[in-house]
Amino acid sequence: MCGRATLSKSKAELEKRFRAKFSPMDEEQNIVNYNVAPTQLHPVITSENPDQIQLFKWGLIPFWAKDTKIGSRMINSRIETITEKPSFRNAVKRRRCLVLVDGFYEWKKIDNRKQPYYIHLKNNAVFAMAGIWEKWKNPENGALVYSFSIITQDPNKFMAPIHNRMPAILLPEDEQKWLNINIPVEEALQLIQPPEDDLLAAYPVSNQVNRVSENSAELVVPLSTDQ
């Protein structure tokens, strides 16, 4: 699964890289986050507004949900079953998104403990994970909640020793194709392939990342050895 991520780039850097502008309502929001966690707001680009960067809640809330609690269980959507699950199958056809990050954390099992690792592109650039999104209306007050889920897949050879799943990282040339809902879902899902093994770098980091309240650049400082 993918349960934590980072985004240390500025808004200007994101706008330049993805050729999109932040939505007016999100222009004043801070986006730098070294410990992005489920239920938090995070930048995405949707199929509905491909020229705009918006802040959506991490954890998909289907339109038919009675409340928002279900979102904490839907932070990821497996590519193998995404077209079958009632919570995901309509979204992957009509509501795709890019989740903008510059790294993510994963936990490697070592004996009887789990060691967090930080994974990022070797060139430290921002990249897009393939995701799906939903719009949920609060039945009590009519407020709208926009949320997303990150698609996961089997790991490549690089990630396999760390974890048995990894997020779907899109190549830059495939990002707009993923957002194009005129492309059939079967064809769109073919864009999701394990990245080249030499694309990523990874190293162990402090267990401080386990605490959502921790959020500083120190979280991505490498440990000299596993602890």
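Worth knowing before you read on, the calculation uses all heavy atoms, side chains too, and leaves out hydrogens, waters and symmetry mates. Positions are given from 1 along the sequence.
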Participant: Apply side chain to side chain contact (heavy atoms under 4.5 Å, CB included) to residues R95 and I132 and explain how you reach the verdict.
Facilitator: CA-CA 6 Å; R95 292 176 293 279; I132 54 177; 5.8 Å; no

Participant: Which pairs, with at least one residue in residues 119-130 and sequence neighbours excluded, count as a side-chain hydrogen bond (donor to acceptor under 3.5 Å, both in side chains)?
Facilitator: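 Checked against side-chain hydrogen bond (donor to acceptor under 3.5 Å, both in side chains) - neighbours excluded - the pairs reaching residues 119-130 are H120-N124.
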
Participant: Among L121, L14, V101, which residue satisfies the side-chain contact (heavy atoms from CB on, under 4.5 Å) criterion with V126?
Facilitator: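 Among L121, L14, V101, the one meeting side-chain contact (heavy atoms from CB on, under 4.5 Å) with V126 is L14.
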
Participant: Does L98 share a hydrophobic cluster with V92, counting links as ILVMFWY side-chain heavy atoms below 4.5 Å and allowing steps through other members?
Facilitator: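 L98 and V92: one cluster.
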
Participant: Would you please name every residue forming a ring pair (Phe, Tyr, Trp, His ring centres under 6.0 Å) with Y146, sequence neighbours left out?
Facilitator: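 Partners of Y146 under the ring pair (Phe, Tyr, Trp, His ring centres under 6.0 Å) test: F56.
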
Participant: How close do P116 and W107 get, counting heavy atoms only, and between which atoms?
Facilitator: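 For P116 and W107, the tightest heavy-atom pair comes out as CB-NE1, 3.5 Å.
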
Participant: Would you call I150 and W58 a side-chain contact if the rule is heavy atoms closer than 4.5 Å?
Facilitator: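 They are in contact (side-chain heavy atoms under 4.5 Å apart), so the answer is yes.
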
Participant: Between V209 and N207, is there a side-chain heavy-atom distance shorter than 4.5 Å?
Facilitator: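 Of all side-chain heavy-atom pairs linking V209 with N207, none is under 4.5 Å.
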
Participant: Are the side chains of V205 and L219 in contact, using a 4.5 Å heavy-atom criterion?
Facilitator: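 Sidechains of V205 and L219: no contact.
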
Participant: Mind checking the OG1-CG spacing from T68 to L60? Nearest 0.5 Å is all I need.
Facilitator: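 Separation between the atoms: 12.5 Å.
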
Participant: Please test V99 against F104 for side chain to side chain contact (heavy atoms under 4.5 Å, CB included), starting from the C-alpha separation and ending with a verdict.
Facilitator: CA-CA 12 Å; V99 183; F104 61 97; over 6 Å; no

Participant: Side chains of L189 and I82: closer than 4.5 Å at any heavy-atom pair?
Facilitator: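 Result yes, sub-4.5 Å side-chain heavy-atom pair found.
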
Participant: Is the closest side-chain donor-acceptor distance between T152 and N76 under 3.5 Å?
Facilitator: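 There is no such pair (donor and acceptor under 3.5 Å, judged by atom type) between the side chains of T152 and N76.
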
Participant: Give, for atom CG of L55 and atom CG of N30, the distance between the pair rounded to the nearest 0.5 Å.
Facilitator: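 Rounded to the nearest 0.5 Å, the CG-CG separation comes out at 9.5 Å.
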
Participant: Using side-chain heavy atoms (C-beta onward) and a distance below 4.5 Å, is T6 in contact with V220?
Facilitator: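 When only atoms from C-beta onward are counted, V220 and T6 do touch, with a gap below 4.5 Å.
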
Participant: Name all residues meeting the side-chain hydrogen bond (donor to acceptor under 3.5 Å, both in side chains) criterion together with K11; count only those two or more places apart in sequence or in a different chain, and write none if there are none.
Facilitator: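 Checked K11 against side-chain hydrogen bond (donor to acceptor under 3.5 Å, both in side chains); zero matches.
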
Participant: Out of curiosity, does W178 fall in the hydrophobic cluster containing V44 (side-chain heavy atoms, cut-off under 4.5 Å, transitive links)?
Facilitator: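 Result: no, two separate clusters.
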
Participant: Taking the side chain as everything from C-beta on, heavy atoms only, tell me whether L100 gets closer than 4.5 Å to I45.
Facilitator: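 SC-SC contact between L100 and I45 confirmed.
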
Participant: L179 and C97: which non-hydrogen atoms are nearest, and at how many Å?
Facilitator: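 So the two residues come closest at CD2-CA, 3.7 Å.
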
Participant: Would you indicate whether the side-chain heavy atoms of L7 and V32 approach each other to under 4.5 Å?
Facilitator: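 The answer is no, as the side chains (C-beta and beyond) never meet within the 4.5 Å cut-off.
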
Participant: Rounded to the nearest 0.5 Å, how far apart are OH of Y118 and CG of D102?
Facilitator: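 Here the interatomic distance stands at 4.5 Å.
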
Participant: I need the minimum non-hydrogen distance between P195 and L199, along with the two atoms involved.
Facilitator: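 P195 and L199 have their closest heavy atoms at CB-CD2, 3.8 Å.
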
Participant: Once side-chain hydrogen bond (donor to acceptor under 3.5 Å, both in side chains) is applied, do any residues pair with R96, and if so which ones, sequence neighbours excluded?
Facilitator: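 With sequence neighbours excluded, R96 shows a side-chain hydrogen bond (donor to acceptor under 3.5 Å, both in side chains) to no residue whatsoever.
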
Participant: Could you pull out all residues at least two apart from E214 that satisfy salt bridge (Lys or Arg N to Asp or Glu O under 4.0 Å)?
Facilitator: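 Counting only residues at least two positions away or on another chain, E214 forms a salt bridge (Lys or Arg N to Asp or Glu O under 4.0 Å) with R211.
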
Participant: Return each pair, listed once, that meets side-chain hydrogen bond (donor to acceptor under 3.5 Å, both in side chains) where at least one residue sits in residues 188-205; pairs must be two or more places apart or across chains.
Facilitator: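 The answer is none; no pair qualifies.
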
Participant: Between I151 and Y105, is there shared hydrophobic-cluster membership here, with clusters defined by ILVMFWY side-chain heavy atoms closer than 4.5 Å?
Facilitator: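 No, I151 does not connect to Y105 through the hydrophobic network.
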
Participant: If you apply the rule side chain to side chain contact (heavy atoms under 4.5 Å, CB included), what do you find for V185 with T83, and how did you get there?
Facilitator: CA-CA 8 Å; V185 64; T83 59; 4.2 Å; yes

Participant: Grouping I, L, V, M, F, W and Y whenever their side-chain heavy atoms are under 4.5 Å apart, do I53 and F148 come out in a common cluster?
Facilitator: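 In one cluster: no.
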
Participant: Can you list the residues that meet the side-chain hydrogen bond (donor to acceptor under 3.5 Å, both in side chains) rule with S77, with sequence neighbours excluded?
Facilitator: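 Expected list: S149.
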
Participant: Give a yes-or-no answer on whether the side chains of S10 and E13 include a donor-acceptor pair shorter than 3.5 Å.
Facilitator: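 Distance-only check passes for S10 and E13.
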
Participant: Among pairs that include at least one residue of residues 22-50, which meet ring-ring contact (aromatic ring centres under 6.0 Å, His included), considering only residues two or more places apart or in two chains?
Facilitator: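 Checked against ring-ring contact (aromatic ring centres under 6.0 Å, His included) - neighbours excluded - no pair reaches residues 22-50.
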
Participant: Hey, does Q153 have a side-chain heavy atom less than 4.5 Å from the side chain of M166?
Facilitator: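 In contact.
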
Participant: Taking all non-hydrogen atoms of both residues into account, name the closest pair between S47 and R94 and its distance.
Facilitator: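 Closest heavy-atom pair between S47 and R94: OG-O, 3.5 Å.
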
Participant: Rounded to the nearest 0.5 Å, what's the gap from CZ on R4 to CD1 on I119? Could you check?
Facilitator: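 Reported to 0.5 Å precision, the distance equals 13.0 Å.
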
Participant: By salt bridge (Lys or Arg N to Asp or Glu O under 4.0 Å), which residues pair with E15, not counting sequence neighbours?
Facilitator: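 Residues passing salt bridge (Lys or Arg N to Asp or Glu O under 4.0 Å) with E15: K21.
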
Participant: Nearest 0.5 Å, what's the OG1-CG distance between T39 and L41?
Facilitator: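 The OG1 atom of T39 sits 8.5 Å away from the CG atom of L41.
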
Participant: Is it true that a side-chain atom of D174 and a backbone atom of K177 form a donor plus acceptor pair closer than 3.5 Å?
Facilitator: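 No.
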
Participant: May I ask you to decide if W136's main-chain N or O and W64's side chain share a donor-acceptor pair within less than 3.5 Å?
Facilitator: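 Here the side-chain-to-backbone pair does not exist.
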
Participant: Between E80 and K85, does a salt bridge (charged side-chain N to carboxylate O under 4.0 Å, His left out) hold up when you go through it step by step?
Facilitator: CA-CA 10 Å; E80 296 88 349; K85 299 288 186 179; over 6 Å; no

Participant: Salt bridge or not for R89 and E84, using N-O below 4.0 Å?
Facilitator: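 Between E84 and R89 there is no salt bridge, as every charged N stays at least 4.0 Å from the carboxylate O atoms.
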
Participant: Might you point out which heavy atoms bring A188 and I183 nearest each other, and give the distance in Å?
Facilitator: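 Closest approach of A188 to I183, heavy atoms only: N-CG2, 3.8 Å.
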
Participant: Indicate, with yes or no, if L170 and I79 share a hydrophobic cluster defined by side-chain heavy-atom contacts under 4.5 Å among Ile, Leu, Val, Met, Phe, Trp and Tyr.
Facilitator: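 Yes, one cluster joins them.
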
Participant: Tell me the closest heavy-atom pair linking G103 and F127, and the distance in Å.
Facilitator: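 For G103 versus F127, the nearest heavy atoms are N-CE2, 3.7 Å.
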
Participant: Among residues at least two apart in sequence or on other chains, which ones pass salt bridge (Lys or Arg N to Asp or Glu O under 4.0 Å) with D26?
Facilitator: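 Once residues adjacent in sequence are excluded, D26 has no partner under the salt bridge (Lys or Arg N to Asp or Glu O under 4.0 Å) criterion.
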
Participant: Measure the OG-CD1 distance between S87 and I70 for me, rounded to the nearest 0.5 Å.
Facilitator: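 The distance works out to 5.0 Å.
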
Participant: Checking Y117 against H163 for the side chain to side chain contact (heavy atoms under 4.5 Å, CB included) test, could you report, in this order, the C-alpha distance in whole Å, the side-chain angles of both residues, the deciding distance, and whether it holds?
Facilitator: CA-CA 10 Å; Y117 273 69; H163 202 269; over 6 Å; no

Participant: Who are the side-chain hydrogen bond (donor to acceptor under 3.5 Å, both in side chains) partners of D154, not counting sequence neighbours?
Facilitator: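 Testing D154 for side-chain hydrogen bond (donor to acceptor under 3.5 Å, both in side chains), a comparison that skips the adjacent residues, returns R165.
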
Participant: For the backbone of E140 and the side chain of N138, can you confirm whether one donor and one acceptor N or O come within less than 3.5 Å of each other?
Facilitator: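 A pair under 3.5 Å: yes.
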
Participant: Please list all pairs passing the salt bridge (charged side-chain N to carboxylate O under 4.0 Å, His left out) test where one or both residues lie in residues 50-77, with sequence neighbours left out.
Facilitator: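 Listed by first then second residue: nothing to list.
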
